[in-house]
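This report concerns only the one structure given below.
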Amino acid sequence: MKQHAPPATEPEQSLVPQVESMVGGRVTSIEREGRWRAAWRVDVVDVVDAVEGGGVNGGEPRRLYLRGERSEGNDLSLETEAAIHALLEKHGVPVPHVYGLTAGPKAMVMDLLTGSGQLTGVSDPVTQQALLDEYVGYLVQVHRIPLEEVAAAGVEVPASPVEAQLALFRRRARKFRAQQARPEPLVAFGSRWALRHQPTHRDRMGLAIKDTGQFLQRGGSITGLYDLELAHVTDPQADLAGLRVRNAFEPLGDLAWIFDRYVEASGDPIDPAVVNFHQVVGGLAGRQAITRLRTEERADYVNWLTWEVAGAFSVLSAIAEELGEELDPAPPDLDDTPEPLSGSLVRALDAWVGPTRPYDRVVTDDLLNHIQLVLRHGPSLAASHLADVESLVGFQPTSVHEADAALEDLVREAGPDTDRRILHLLHRSAKRQRALIPSMLPNGRPPGSVGPFVDRFRLEAVRSVMARMG
């Protein structure tokens, strides 16, 4: 979704002299991006060219991107993130060149990438395949960077490939336990499953991007990879799990072909169980990172609710595949009788908020629409959840909080023989949550309602690769 930029405030204007001192030249434009993570687009011209009214590169200004600190869910400092950019650049992987860090607001100053995201605007199958082939090549290059260099960049290197499988999960789990403010039965279930299914047979570890499948392209070539703040050392096949999740939001085409190319380029046969394992721990890591945000009074509450529900489907779909279970894609039954006050209340709140900046308007509209859905469907969906939990825990909870607490306790004590029942209950719960989320996607559908989404996309692509390999 396109988010409009709020105007730069006085603290953001303090970036101007810092950027000018760092890169040379004069800042002619600075614009704050409308997004949850602070970021600015900056135009800089040489001093001589500025006096003459022109810019560098034949009259064009140098365009920079300033990336602020990530307040939630980040394990890397901006210094380490910048060092990873330099490391990938050194090894021939196209990423934005980083010039340095500003002091306040703290931000990473780098070149602005140009091009379209992933396969946007590319209809020719041959060009699509060429772009994906190029991306797979860069991904393998990242995985092969010597670990001594990775450690020198400030990234933690686990003691062994076995420890690397759960490295990110364990870091996030420690933060999660310190911040948990409500029952989290899905995190408890996914965590228990991950600890029981940690791969111990893998002998590879390397730098992985985690948030894979993000690149810009122009003219049939990749201009650069971006969003490296979740990079860490783990099993390289964790990045294949990342591609599955990315494909759910931003289709990348035939994953079977992509995975086949990865095998050819890396020499590392795909292990479907390992890919599913990392889809689980990756989804858990994201959910663990934002747990505190879901208990705070925030205008962007719906944004984090959306990611929480998306993470739930990611975790549950991978576990379902390993258990050989089919998840029911049918949406929950909804009472379509509008609450008489819901529409008028939302309109009153909307009038009270009044005109505001476009970025804030998007956030406000999502929140108001969510409130309306909760007023219309929340009570009946909550009642269904309580009944569902009662069937498993053996008593009737009086609130959603009590139900989730009882379910969390049961999950922690239950054995593997209850996995299937818990899996399907949690999936029904996630579908109820999804029914209360207004659209945050450009196609006008709430996340996961129409495939391909994570809970609709099985590892058929991986299976077909394995079958072709004999």
The reported gap from CG in L305 to CD1 in I437 (rounded to nearest 0.5 angstrom) is 4.0 Å
Interatomic distance, CG@D133 vs CD@Q128, rounded to 0.5 Å, equals 13.5 Å
request  = Give the intermediate values and the outcome of side chain to side chain contact (heavy atoms under 4.5 Å, CB included) for residues Y99 and L64.
outcome  = CA-CA 10 Å; Y99 296 92; L64 305 177; 3.8 Å; yes
Paired with L186, the side-chain contact (heavy atoms from CB on, under 4.5 Å) test is passed by just one of I422, L316, V411, namely L316
Margin query: Determine whether a donor-acceptor pair (N or O, by modelled atom type, separation under 3.5 Å) exists between the side chain of E322 and the backbone of N276.
Written below: no
- prompt: Is the closest side-chain heavy-atom distance between P416 and R196 below 4.5 Å?
  reply: yes
With no hydrogens and no angle check, do the side chains of R218 and T114 hold a donor and an acceptor under 3.5 Å apart? yes
Open item on the list: Please evaluate residues D43 and R26 with respect to the criterion salt bridge (Lys or Arg N to Asp or Glu O under 4.0 Å), reporting the C-alpha separation (whole Å), side-chain torsions for both, the decisive distance (0.1 Å), and the verdict.
Closed with: CA-CA 8 Å; D43 286 355; R26 180 178 300 169; over 6 Å; no
Partner of S317 under side-chain hydrogen bond (donor to acceptor under 3.5 Å, both in side chains), picked from H427, Q279, E325, is Q279
Q. Do any N or O atoms from the side chain of K106 and from the backbone of L78 form a donor-acceptor pair under 3.5 angstrom?
A. no
* Asked: For D239, does its backbone N or O pair with a side-chain atom of T212 as donor and acceptor, under 3.5 Å?
  -> yes
Just list the side-chain donor-acceptor pairs under 3.5 Å for residues 115-126, sequence neighbours left out, or say none.
| unit_1 | atom_1 | unit_2 | atom_2 | d |
| --- | --- | --- | --- | --- |
| Q118 | NE2 | G213 | O | 2.9 |
| Q118 | NE2 | Y226 | OH | 3.4 |
| T120 | OG1 | G117 | O | 2.8 |
| D124 | OD1 | V126 | N | 3.4 |
| D124 | OD2 | T127 | N | 3.2 |
| D124 | OD2 | T127 | OG1 | 2.8 |

| request: Given salt bridge (Lys or Arg N to Asp or Glu O under 4.0 Å), test E308 with R434 step by step and report yes or no. | output: CA-CA 10 Å; E308 178 180 278; R434 187 170 66 191; over 6 Å; no
query: Just by modelled atom types, is the L230 backbone N or O under 3.5 Å from a matching donor or acceptor in the H232 side chain?
result: yes
Does a donor on one side chain and an acceptor on the other come within less than 3.5 Å for E89 and H97?
-> yes
Does Q214 reach the main-chain N or O of L225 with its side chain, forming a donor-acceptor pair under 3.5 Å?
-> no
TODO: Report yes if the side chains of R171 and E156 come closer than 4.5 Å at any heavy-atom pair, otherwise no.
DONE: yes
Nearest heavy-atom contact between Y65 and A39 is OH-CB, 3.2 Å
Side chains of L252 and I258: does their closest heavy-atom pair fall under 4.5 Å? yes
Taking every heavy atom of T234 against every heavy atom of A208, the minimum-distance pair comes out as CG2-CB, 3.7 Å
Show the numbers, then the answer: is there a side chain to side chain contact (heavy atoms under 4.5 Å, CB included) between I30 and R41? CA-CA 6 Å; I30 179 169; R41 291 174 181 252; over 6 Å; no
Indicate yes or no for a side-chain donor-acceptor contact from K210 to the backbone of G242 under 3.5 Å, with no hydrogens or angles considered.
no
Margin query: Can you confirm whether L216 sits close enough to I222 that some side-chain heavy atom of one is under 4.5 Å from a side-chain heavy atom of the other?
Written below: no
Contacts of F215 meeting ring-ring contact (aromatic ring centres under 6.0 Å, His included) (sequence neighbours excluded), chain-then-number -> Y135
One should read off an interatomic distance between S266 OG and F259 CZ, to the nearest 0.5 angstrom, of 11.5 Å
To the nearest 0.5 Å, atom CD of Q198 lies from atom CZ of F169 at 9.5 Å
* Taking the side chain as every heavy atom from C-beta outward, state whether M108 and H85 have any atom pair closer than 4.5 Å. => yes
- Query: So do H91 and P146 actually touch side chain to side chain, heavy atoms under 4.5 Å?
  - Reply: yes
- Do R192 and D419 sit within salt-bridge range, that is, some charged N less than 4.0 Å from a carboxylate O? yes
In short, A167 meets P158 closest at the heavy-atom pair CB-CG, 3.9 Å
Interatomic distance, CG@L66 vs CZ@R32, rounded to 0.5 Å, equals 11.5 Å
Quick one: do L87 and E149 satisfy side chain to side chain contact (heavy atoms under 4.5 Å, CB included)? Show the steps, please.
CA-CA 8 Å; L87 183 60; E149 297 183 40; 3.5 Å; yes
Worksheet item: Is it true that a side-chain atom of Q237 and a backbone atom of P269 form a donor plus acceptor pair closer than 3.5 Å?
Response: yes
CG (L88) and CD1 (I209) are apart, to the nearest 0.5 Å, by 6.5 Å
Residues V162 and P199: closest non-hydrogen pair is CG1-O, 4.3 Å
Within the 4.5 Å heavy-atom criterion, are R63 and V42 side-chain neighbours or not? no
- Task: Flag the pair V95 / L113 as yes when at least one side-chain heavy-atom distance between them is below 4.5 Å, and no otherwise.
- Result: no
Assess the side chains of H201 and D271: does a donor N or O sit below 3.5 Å from an acceptor N or O? yes
- Message: Go through it in stages, so that I can follow the logic: the residues are R67 and E81, the test is salt bridge (Lys or Arg N to Asp or Glu O under 4.0 Å), and I'd like the CA-CA distance, side-chain angles, deciding distance and then a yes or no.
- Response: CA-CA 10 Å; R67 189 172 172 87; E81 191 176 341; 3.1 Å; yes
- [ ] Please report the C-alpha distance between V281 and F277 in whole Å, then the side-chain angles of each, then the deciding distance to 0.1 Å, and finally whether the side chain to side chain contact (heavy atoms under 4.5 Å, CB included) criterion is met.
- [x] CA-CA 6 Å; V281 297; F277 170 83; 3.7 Å; yes
- prompt: Should the ring pair H197 and W193 be called parallel, tilted or perpendicular, given that the plane angle runs from 0 to 90° and is split at 30 and 60?
  reply: parallel
**Q.** Salt bridge present between R202 and D268 (N-O < 4.0 angstrom)
**A.** yes
### Message
Check R170 with E163, please: is the shortest side-chain N to carboxylate O separation under 4.0 Å?
### Response
no
Checklist entry - Does R420 use its side chain to pair, donor to acceptor, with the backbone of L323 at less than 3.5 Å? => result yes
- prompt: Taking it one step at a time, do R62 and D111 satisfy salt bridge (Lys or Arg N to Asp or Glu O under 4.0 Å)?
  reply: CA-CA 8 Å; R62 188 189 326 173; D111 287 326; over 6 Å; no
Is it the case that the side chain of T28 and the backbone of V44 share a donor-acceptor pair, with hydrogens and angles ignored and the cut-off at 3.5 Å? no
Sequence neighbours excluded, the answer for ring-ring contact (aromatic ring centres under 6.0 Å, His included) partners of Y262 is H143
